[in-house]
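Below, all heavy atoms of this structure are taken into account, side chains as well, without hydrogens, waters or symmetry copies. The sequence lines fix the lettering, A, B, ..., with proteins before strands; numbering per chain opens at 1.
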2 protein chains.
Amino acid sequence: MDFEHADALNQAIRLLSLRHRARAASLLAPLGLHPGQEALLLELTRTGPMIQAQLSEALGCEPPSVTLMTRKLEAGGHIRRTPAPSDRRASIVELTDSGKALAEQVKQLWCALAEETVGGLPAETVAELPGILKTLTGNVDTRRPHHPGGAGTV
Amino acid sequence: MDFEHADALNQAIRLLSLRHRARAASLLAPLGLHPGQEALLLELTRTGPMIQAQLSEALGCEPPSVTLMTRKLEAGGHIRRTPAPSDRRASIVELTDSGKALAEQVKQLWCALAEETVGGLPAETVAELPGILKTLTGNVDTRRPHHPGGAGTV
DNA sequence: GCATAATAGTTATGCGCATAACTAATCTGT
DNA sequence: ACAGATTAGTTATGCGCATAACTATTATGC
């Protein structure tokens, strides 16, 4: 691949992250959330109570990040951490009622953001997009074993 | 748009940023660069000497970020900042010889990263990808006036 | 049963990015 | 020509993310 194409792609990915994150930040700010925290709330909504190691895996970020995120969300009263009875090292993380209510609001914003994001694209492209992005992600994911032929986990 | 689709999209964008950046970090580390700095070097390669305000615009990040990036790259000997003769507020930023050499290495990595990133996708999709990503970016870009109908600035 | 390895979580530290508040220089209107 | 607005850049501070080093607990091999 020639440099111009490569550069266009890499730069486009970098700018998309910056802008999408910034837009998410401006939408989440009125709820008192910083971008990244919404992912934790939504994961708990999807999967239910889980320990931090599972959150770390699900969110794709490292344990120390989870420590900080959970601490702040706990301080805000949105989640609760209770020692796991079966494993005294682990904490079970779960949503409080306030957290559940907040997650519902986040869901609304999330839909609005997604619609805003794909505005002007043909429906066909929009339908393919998550699969394409997951393929890209899998291709550069140094965490997992590798996902070699991955034409999309759609 | 229903929540599942919206969530899939937003989450895919978030994960792609994390992973693409992490992969870039691991490729750039041997050159002594942190991700983000390569963008500044490449921009100077593309456009030539420019002042920080132009860099801020071109890179899509805020002036204080440019201050820090330029300071570190200057400390590393890769760029040089000289006062602009016509405007005593501004600094002209330009690559040193070392910086030019480094930028050439970054270009190699950049091509390799892009190829790795799009692995397994049909050529057709790869060709469309930068345009699609730019459309997405434009849709959530709160910096510019707005880019409403934007079906792609390809 | 006990030394060793593996795992859950935390703290410390550093980078990139942001916003807010500031200084210094340039531009503008009257 | 001079007051006020704009612009270039910096410092201070805070968040999300990372890695490295650490503690406490649980699992494993002999």
Regarding A:E74 and A:R71, does a basic nitrogen lie under 4.0 Å from an acidic carboxylate oxygen?
no

Would you classify B:S56 as touching base, sugar-phosphate or nothing, given that sugar-phosphate means primed atoms plus P, OP1 and OP2, and contacts are heavy atoms under 4.0 Å?
nothing

Over how many whole Å does the gap from B:D87 atom CG to D:dT6 atom P extend?
17 Å

B:R89 CZ - D:dT10 P separation (whole Å):
13 Å

Winner on side-chain proximity to B:Q37, out of D:dA18, C:dG16, C:dA8, is C:dG16

Gap between atoms CE and P, on B:M69 and D:dT10 respectively (whole Å):
13 Å

How many Å lie between CD on B:E62 and P on C:dC15, as a whole number?
21 Å

Under 4.0 Å between any heavy atoms, over every strand shown, what does B:Q52 touch: base, sugar-phosphate, or nothing? Just pick one.
sugar-phosphate

Test item: A:L33 and A:L73 side chains (from C-beta on) under 4.5 Å apart, heavy atoms
yes

To the nearest 0.5 Å, what is the distance between OG1 on A:T45 and CG on A:L40?
9.5 Å

Which nucleotide in the set D:dA18, C:dA8, D:dA8 lies at the smallest distance from any side-chain heavy atom of A:I51?
C:dA8

Would you please test A:L41 and A:Q37 for side-chain contact (heavy atoms from CB on, under 4.5 Å) and show each step?
CA-CA 7 Å; A:L41 293 181; A:Q37 301 181 336; 5.7 Å; no

From NE2 of B:H34 over to C1' of C:dT13, roughly how many Å is that when rounded to an integer?
13 Å

Any side-chain N or O of A:S65 under 4.0 Å from OP1/OP2 of D:dG16?
no

Testing C:dG16, D:dG9, D:dT25 for proximity to the side chain of A:R88, the answer is D:dT25

Give me the atom names and distance for the closest heavy-atom approach of A:H78 to A:S98.
ND1-OG, 3.0 Å

Which is more 5' along DNA chain D, the nucleotide nearest B:R14 or the one nearest B:P63? Just name the residue.
B:P63

Output the rounded distance in Å from CZ (A:R21) to P (D:dC15).
13 Å

Euclidean distance, atom CZ of residue A:R71 to atom P of D:dG16 [Å, nearest integer]
12 Å

Taking only N and O in the side chain of B:K72, is any of them less than 4.0 Å away from OP1 or OP2 of C:dG14?
no

Among D:dC17, D:dG9, C:dG9, the one nearest B:A90 by side-chain distance
D:dG9

Report the distance from atom CG of A:L15 to atom P of C:dC17, rounded to the nearest whole Å.
11 Å

Describe the nucleic acid contact of B:P64 in one word from base, sugar-phosphate, nothing, applying a heavy-atom distance below 4.0 Å.
base

Does D:dG9 have its OP1 or OP2 closer than 4.0 Å to a side-chain nitrogen or oxygen of B:T67?
no

Side-chain N or O of B:R81 less than 4.0 angstrom from OP1 or OP2 on D:dT10?
yes

Identify which nucleotide among D:dG9, C:dC17, D:dC17 has an atom closest to any side-chain atom of A:L68, counting heavy atoms from C-beta outward.
D:dC17

Can B:L16 and A:L16 be said to form a side-chain contact (heavy atoms from CB on, under 4.5 Å), step by step?
CA-CA 10 Å; B:L16 175 58; A:L16 175 59; 5.5 Å; no

